[in-house]
Visitor: 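Take this structure, written in structure tokens, and hold onto it; I'll ask about it next.
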Amino acid sequence: MRMSKLVGRRIKEDPKDAKTVSHKFLIRGGYARLVSAGIYSLLPTGKRIVEKIEGIIREEMNRIDGQEVLMPVVLPAELWQESGRYETVGSELLRFKDRNDKPMLLAMTHEEGVVHLARTELGSYKQLPAMLYQIQTKYRDEARPRAGLIRVREFTMKDAYSFHPDQADLEVYYHRCHEAYERIFRRLGMTEVLSIEANSGMMGGKVSHEFMAICDCGEDTVITNKDRSYRANREIAVAAWKFEKPAALPLEKVSTPGKKTIEEVAEFLGVQSENTGKAVFYQDTRTGELVFVLIRGDFEVNETKLGNAVRIGELKFADDAAILAAGAVPGYASPLGVDGKKVKIVVDRSAAESGNLVVGANEADFHYRNFNFDRDLAGVECLVTDIAAVREGDPCPVTGEPLIFSRGIEVGNIFQLGTRYTESMGCTYLDRDGKSHPMVMGCYGIGVGRAMASVMEQAHDEYGPVWPMSIAPWQVEICAITPDKDGVGGVCDRLYDELSGLGVEVLYDDRGEKAGSMFSDADLLGVPFRLVVSPKTLAESQVEFKRRGSRDAERLSLEGLAGVVRGMVERELSLYQ
RNA sequence: CGGGGCGUAGCGCAGUGGCUUAGCGCGUCUGCUUUGGGAGCAGAAAGUCGCGGGUUCGACCCCCGCCGCCCCGACCA
């Protein structure tokens, strides 16, 4: 490619709307342009990278016996009505009607679409397992797109779906796919991607993993220990808390006028927050059922863990009216005197395994000192479990070291779906004995554009991205300094032709710009190898060779240069095989 | 969906109720000079001042409504 003809201008100044590194460089380098919030066009340079990413994904999907398909972006609503999701998914699903008033939608994921295929094309145990995948456009009407290509409304996704005769078969395949994902992210040149166990949900048996690219602009919190032998997302993270139970002192009612929050009460009574118990009320969003939670004052409730513990899909804070109706006083609520038969009581281990806590008295302006779970709640029906949110520095459940919080971008997700879709949509096969069973499904996604942005986040310097050879838009850039002097242009033209002829992807800056100008553009384009040809080096029959991201340059002889450079490109590429 | 910010040339910004024919820098185009980290000089093209309404003799500027974009939060198959 001759730079003089490359579409996608480089921009000297940071665009005002871009805050994250990848967003800035995507715009400044001419990789992508915003069309509407969260909707981008890819320019040639960006498109080349995306194609390489897709190529690597394709190779790895094929390696685990995937078969590529292409499903439509527009699906009839009836397909989603079959699975029930037409009703349950919110406004991020873009619904519309065609000319005949038939309800349609833009698919945000393709479980329904692929089951539509699988239930007609697959019918025998002999055909299983089978994996279908596609690399295709998804639309999700996100409430808040952000950070360039990190979170968008329209995007390209590799989504894969596997079909199995039973759970055991799925688990074997799931593991292969996990390995394939690790290979993919390594080959894309990501420096740090962690697979973390994600919320397994209330259905039990469901397993899923998120692949998190660690970087500061990540939207998610990844919780690990130092050597990363423990990895979890915030929703399911646990810690090896140790609690001490002192000798129980007698329960004592104390006046705490106007003191409602843990901080106020603790300060007023001269104790630490870990010597208090906090009462929190939740409600099942659907049924309105109340859940009373007691947790030690220095902890916060992890709503996902709580939801899993009580098998409620969606919880919200209970309003004061509901709390009063249950016989508790907001601000002074107490586990003492609450009827475990009327209200579900959940006690976090932190409160159950500590002692002599200050808790509410269920009476305005009064608290109790010296609450002890074993003694004071004896005989009350309640669930003792771990529903506490992990805090940075809490002891790791594996090693006991302090837990570390990092930020991560979710670049991939794999999920054991089970029969959620195959049962509702009638996707069955016949076994050896002619008996019909729903297929067991897994699904596996990677956001392609998000992956590109994530590589940028992880591999850049102050001047631009430093693309790994595996996905670089071009492998080599030639900068012709004063192309009309001393035969520079001719040498560059020849070199460009020779390298291209050898199959090397070359970007040739033939514009005759000032050197500084060319170098700045080159940095923004992040091509891994740079050849600088100038009268100075040509006088010694040499050119300058520089790796993007390295300070040092070396000289290479013009003699046989194209072959030498091709060899270097191939060596570099082999690092990503 | 809540909170905040911003909409003036391709990009980044300035601007005042009327001497503004709306400017500045970058970029673009022409010419000359230049060529190792975003050069210099001279000239040029380029704007429905987000949209609609109102106030006014007069609105890019003041008022009302709408739209769009960004950031924080909620949400996120």
Side-chain angles (χ1 to χ4, degrees), chain A residues 7-20 23-24 27-28 30 33-40 75 80 83-94 105-114 138-148 150-153 155 157 159 161 198-199 201 206 208 210 217 219-220 233 235 285 303-304 314 316-317 410 413 415 417 420-421 443-445 447 461-464 479-486 488-489 509 511-524 530-538 543-544 546 551 553:
Chain A
V7 176
R9 56 167 34 138
R10 272 75 50 202
I11 297 169
K12 205 185 276 190
E13 290 164 285
D14 278 343
K16 72 167 171 176
D17 288 338
K19 303 284 185 274
T20 56
H23 191 186
K24 282 179 190 171
I27 302 305
R28 286 193 52 203
R33 294 287 179 249
L34 181 80
V35 177
S36 182
I39 299 180
Y40 286 83
L75 291 174
W80 277 56
S83 70
R85 282 208 291 189
Y86 191 68
E87 284 74 31
T88 56
V89 174
S91 48
E92 61 270 26
L93 176 64
L94 187 60
L105 55 87
L106 292 186
M108 49 196 290
T109 172
H110 274 82
E111 281 79 10
E112 286 82 357
V114 77
K138 297 280 178 283
Y139 189 87
R140 294 180 190 180
D141 212 354
E142 289 284 349
R144 186 154 105 75
R146 59 176 293 265
I150 303 286
R151 183 167 209 82
V152 289
R153 293 197 292 173
F155 57 101
M157 185 174 180
D159 46 326
Y161 308 88
N199 178 27
K206 272 200 204 167
S208 74
E210 293 167 346
C217 80
E219 301 182 276
D220 300 300
N233 80 9
E235 291 191 325
T285 309
E303 281 188 35
T304 306
E314 205 181 334
K316 61 172 185 183
F317 279 122
E410 187 184 336
N413 184 301
F415 209 99
L417 284 174
R420 159 74 182 83
Y421 295 94
C443 72
Y444 319 90
D461 61 17
E462 60 185 300
Y463 306 109
C479 291
I481 305 218
T482 60
D484 47 359
K485 257 194 189 167
D486 301 341
V488 168
D509 195 339
R511 299 172 301 169
E513 291 284 320
K514 293 272 292 183
S517 206
M518 284 194 285
F519 295 155
S520 295
D521 278 348
D523 288 342
L524 281 170
R530 184 189 306 173
L531 296 172
V532 182
V533 182
S534 70
K536 193 171 75 186
T537 58
L538 231 42
V543 304
E544 182 186 283
K546 200 172 177 184
R551 286 168 164 263

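Within every chain, numbering begins at 1; the chains are lettered A, B, ... in the order of the sequence lines, protein sequences first and strands thereafter.
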Visitor: Quick check: closest heavy atoms across A:R140 and A:M157, and the distance to 0.1 Å?
Guide: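 That would be NH2-SD, 4.0 Å.
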Visitor: As a test of the definition: with a 90° window around 0 for syn, would you call B:rC63 syn or anti?
Guide: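 Anti.
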Visitor: Taking atom P of B:rG4 as reference, at what distance in whole Å does atom NZ of A:K19 sit?
Guide: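 It works out to 18 Å between those atoms.
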Visitor: Which value, in whole Å, describes the distance between the P atoms of nucleotides B:rA22 and B:rC49?
Guide: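 To the nearest whole Å, 10 Å.
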Visitor: So what's B:rG68 paired with, Watson-Crick or G-U wobble, going by both distances under 3.5 Å?
Guide: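 Partner of B:rG68: B:rC6.
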Visitor: Looking at the base of B:rG37, is there any donor atom on it, or on the side chain of A:R530, that sits under 3.5 Å from an acceptor on the other one?
Guide: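 A donor-acceptor contact between them is present.
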Visitor: In the structure I gave you, are the side-chain heavy atoms of A:D14 and A:R28 within less than 4.5 Å of one another anywhere?
Guide: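 A side-chain contact exists here, since the closest heavy-atom pair is under 4.5 Å.
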Visitor: Let's test your reading of the model: under 3.5 Å, does the base of B:rG25 pair with the side chain of A:E13 as donor and acceptor?
Guide: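 Yes.
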Visitor: Considering only B:rG38, B:rU35, B:rA77, which nucleotide approaches the side chain of A:D484 most closely?
Guide: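 Looking only at heavy atoms from C-beta outward on A:D484, the closest nucleotide is B:rU35.
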Visitor: Over how many whole Å does the gap from A:I39 atom CD1 to B:rG68 atom C1' extend?
Guide: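 Nearest whole value for this atom pair: 13 Å.
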Visitor: Which listed nucleotide (B:rG37, B:rA39, B:rA77) is nearest to the side chain of A:K514?
Guide: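 When the side chain of A:K514 is considered, B:rA39 is the closest of B:rG37, B:rA39, B:rA77.
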Visitor: Can you tell me the base-pairing partner of B:rC24? Count Watson-Crick or G-U wobble geometry only, both distances below 3.5 Å, and say none if there is no partner.
Guide: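 Pairing partner, where one exists within any strand: B:rG12.
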Visitor: Checking base pairs now: Watson-Crick or wobble, both atom distances under 3.5 Å. What partners B:rA42?
Guide: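 Looking at the geometry, B:rA42 pairs with B:rU30.
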Visitor: Heavy atoms under 4.0 Å, any strand shown: does A:S36 hit a base, just sugar-phosphate, or nothing?
Guide: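 Here A:S36 touches the backbone only, sparing every base.
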Visitor: In whole Å, measure the gap between the C1' atoms of B:rG2 and B:rC75 for me.
Guide: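 It comes out at 12 Å once rounded to the nearest Å.
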Visitor: Mind checking the C1' distance from B:rC72 to B:rG58? Whole angstroms is fine.
Guide: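 Per the computed distance, 42 Å lies between those C1' atoms.
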Visitor: Can you tell me the Watson-Crick or wobble partner of B:rG36, both distances under 3.5 angstrom?
Guide: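 Pair assignment: B:rG36 / none.
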Visitor: Determine, stepwise, if the pair A:D521 / A:R511 fulfils side chain to side chain contact (heavy atoms under 4.5 Å, CB included).
Guide: CA-CA 12 Å; A:D521 278 348; A:R511 299 172 301 169; 3.0 Å; yes
Visitor: Look through every strand shown and name the nucleotide pairing with B:rU56 as Watson-Crick or G-U wobble, where both distances are under 3.5 Å.
Guide: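 When the pairing criteria are applied, nothing turns out to pair with B:rU56, so the answer is none.
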Visitor: Considering only the P atoms, how many Å lie between B:rC62 and B:rG5, rounded to the nearest integer?
Guide: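 To the nearest whole Å, 15 Å.
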Visitor: Find the distance A:D523:CG to B:rG37:P and express it as a whole number of Å.
Guide: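 Rounding to the nearest Å, CG of A:D523 and P of B:rG37 are 12 Å apart.
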Visitor: Can you find a pair of side-chain heavy atoms, one from A:E410 and one from A:E219, that are under 4.5 Å apart?
Guide: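 When only atoms from C-beta onward are counted, A:E219 and A:E410 do not touch, as no gap falls below 4.5 Å.
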Visitor: Just wondering, do A:E142 and A:V152 contact through their side chains at under 4.5 Å, heavy atoms?
Guide: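 Counting from C-beta outward, A:V152 and A:E142 never come under 4.5 Å.
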Visitor: Rounded to whole angstrom, note down the P distance from B:rU55 over to B:rC70.
Guide: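 These two P atoms come out 35 Å apart once rounded.
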Visitor: For the side chain of A:E544, counting heavy atoms from C-beta on, which of B:rG36, B:rU35, B:rG27 is nearest?
Guide: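 Of B:rG36, B:rU35, B:rG27, B:rG36 is nearest to the side chain of A:E544.
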Visitor: I'd like to know whether A:V488 forms a side chain to side chain contact (heavy atoms under 4.5 Å, CB included) with A:I481, so could you lay out the CA-CA distance, the side-chain angles of the two residues, the decisive distance to 0.1 Å, and finally the verdict.
Guide: CA-CA 7 Å; A:V488 168; A:I481 305 218; 5.5 Å; no
Visitor: In whole angstrom, give the distance that lies between atom CD of A:E142 and atom C1' of B:rC1.
Guide: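 Going from A:E142 (CD) to B:rC1 (C1'), I get 14 Å.
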Visitor: Taking it one step at a time, do A:V532 and A:T537 satisfy side chain to side chain contact (heavy atoms under 4.5 Å, CB included)?
Guide: CA-CA 9 Å; A:V532 182; A:T537 58; over 6 Å; no
Visitor: Taking 4.0 angstrom as the limit, do A:E111 and A:R420 come out as a salt bridge?
Guide: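 Between A:R420 and A:E111 there is no salt bridge, as every charged N stays at least 4.0 Å from the carboxylate O atoms.
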Visitor: How close or far is atom C1' of B:rC11 from atom NZ of A:K16, stated in whole angstroms?
Guide: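 It works out to 11 Å between those atoms.
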Visitor: Using whole Å, what does the distance between atom C1' of nucleotide B:rA77 and atom CZ of A:F155 come to?
Guide: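 Atom CZ in A:F155 sits about 9 Å away from atom C1' in B:rA77.
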Visitor: So A:L524, base contact, sugar-phosphate only, or nothing? Heavy-atom distance under 4.0 Å.
Guide: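 Base, at least one base atom sits under 4.0 Å.
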Visitor: Are the charged groups of A:D523 and A:R530 less than 4.0 angstrom apart, N to O?
Guide: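 Yes.
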Visitor: Quick check for you: among B:rC69, B:rC11, B:rG36, whose closest atom lies nearest to any side-chain atom of A:K536?
Guide: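 That would be B:rG36.
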Visitor: Looking across every strand, which nucleic acid part, if any, lies under 4.0 Å from A:E513 by heavy atom: base, sugar-phosphate, or nothing?
Guide: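 Base: the residue A:E513, judged by heavy atoms under 4.0 Å, touches a nucleobase.
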Visitor: Taking the C1' atom in each of B:rA45 and B:rU56, what is the distance between them to the nearest angstrom?
Guide: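 Nearest-Å result for B:rA45 against B:rU56 at atom C1': 36 Å.
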Visitor: Between B:rG38 and B:rG27, how far apart are the P atoms? Round to whole Å, please.
Guide: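 Between the two P atoms, the distance is 12 Å.
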Visitor: How many whole angstroms separate atom NZ of A:K546 from atom C1' of B:rG36?
Guide: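 About 10 Å, once rounded to whole Å.
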Visitor: Could you work out which one of B:rG37, B:rG36, B:rC69 sits closest to the side chain of A:I481?
Guide: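 Out of B:rG37, B:rG36, B:rC69, the nucleotide with an atom closest to A:I481's side chain is B:rG36.
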Visitor: Name the closest nucleotide to the A:A143 side chain, picking from B:rG36, B:rC1, B:rC70.
Guide: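 My answer, after comparing the listed nucleotides, is B:rC1.
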Visitor: Nearest whole Å is fine: how far is B:rC11 P from A:I11 CD1?
Guide: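 Answer to the nearest Å: 8 Å.
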Visitor: Is there a Watson-Crick or G-U wobble partner for B:rG73 with both distances under 3.5 Å, and if so, which one is it?
Guide: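 Its partner is B:rC1.
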Visitor: Assuming nearest nucleotide by heavy-atom distance, tell me which of A:T109 and A:G38 is located more 5' along RNA chain B.
Guide: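 Between the two, 5'-proximity favours A:G38.
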Visitor: Is there a Watson-Crick or G-U wobble partner for B:rG47 with both distances under 3.5 Å, and which nucleotide is it?
Guide: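 Across any shown strand, B:rG47 pairs with none.
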Visitor: Using a 4.0 Å heavy-atom cut-off, does A:T537 contact any base of the nucleic acid, only the sugar-phosphate backbone, or nothing at all?
Guide: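 Contact class for A:T537: base.
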Visitor: Rounding to the closest angstrom, what is the interatomic distance between B:rG50 and B:rC61 at atom C1'?
Guide: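 About 15 Å, rounded to a whole number of Å.
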Visitor: Nearest to the side chain of A:R9, heavy atoms from C-beta on, is which of B:rC71, B:rU28, B:rG37?
Guide: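 Given the options B:rC71, B:rU28, B:rG37, the side chain of A:R9 is closest to B:rU28.
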Visitor: Under 4.0 Å between any heavy atoms, over every strand shown, what does A:A480 touch: base, sugar-phosphate, or nothing? Just pick one.
Guide: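 No contact.
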Visitor: Indicate, with a heavy-atom threshold strictly under 4.0 Å, whether A:R511 touches base, sugar-phosphate, or nothing.
Guide: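 Nothing, no heavy atom under 4.0 Å.
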Visitor: Quick one: is A:R146 getting a side-chain N or O under 4.0 Å of the B:rC72 phosphate, OP1 or OP2?
Guide: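 Affirmative; the distance criterion is met.
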Visitor: Assign A:R153 to base, sugar-phosphate, or nothing according to its heavy-atom contacts below 4.0 angstrom with the strands shown.
Guide: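 The residue A:R153 makes no contact with any strand.
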Visitor: Verify the contact: side-chain N or O of A:S534 to OP1 or OP2 of B:rU35, cut-off strictly under 4.0 Å; return yes or no.
Guide: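 It does not, given that no N or O in the side chain of A:S534 lies less than 4.0 Å from OP1 or OP2 of B:rU35.
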Visitor: Reckon A:D521 touches a base, only the sugar-phosphate, or nothing at all at heavy-atom distances under 4.0 Å?
Guide: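 Base contact.
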Visitor: Nearest to the side chain of A:R144, which nucleotide is it out of B:rC70, B:rA74, B:rG36?
Guide: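 Nearest nucleotide to the side chain: B:rA74.
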Visitor: Where each residue is assigned the nucleotide of RNA chain B containing its nearest heavy atom, which of A:F519 and A:A147 is assigned the position nearer the 5′ end?
Guide: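 Per heavy-atom nearest nucleotide, the more 5' residue is A:F519.
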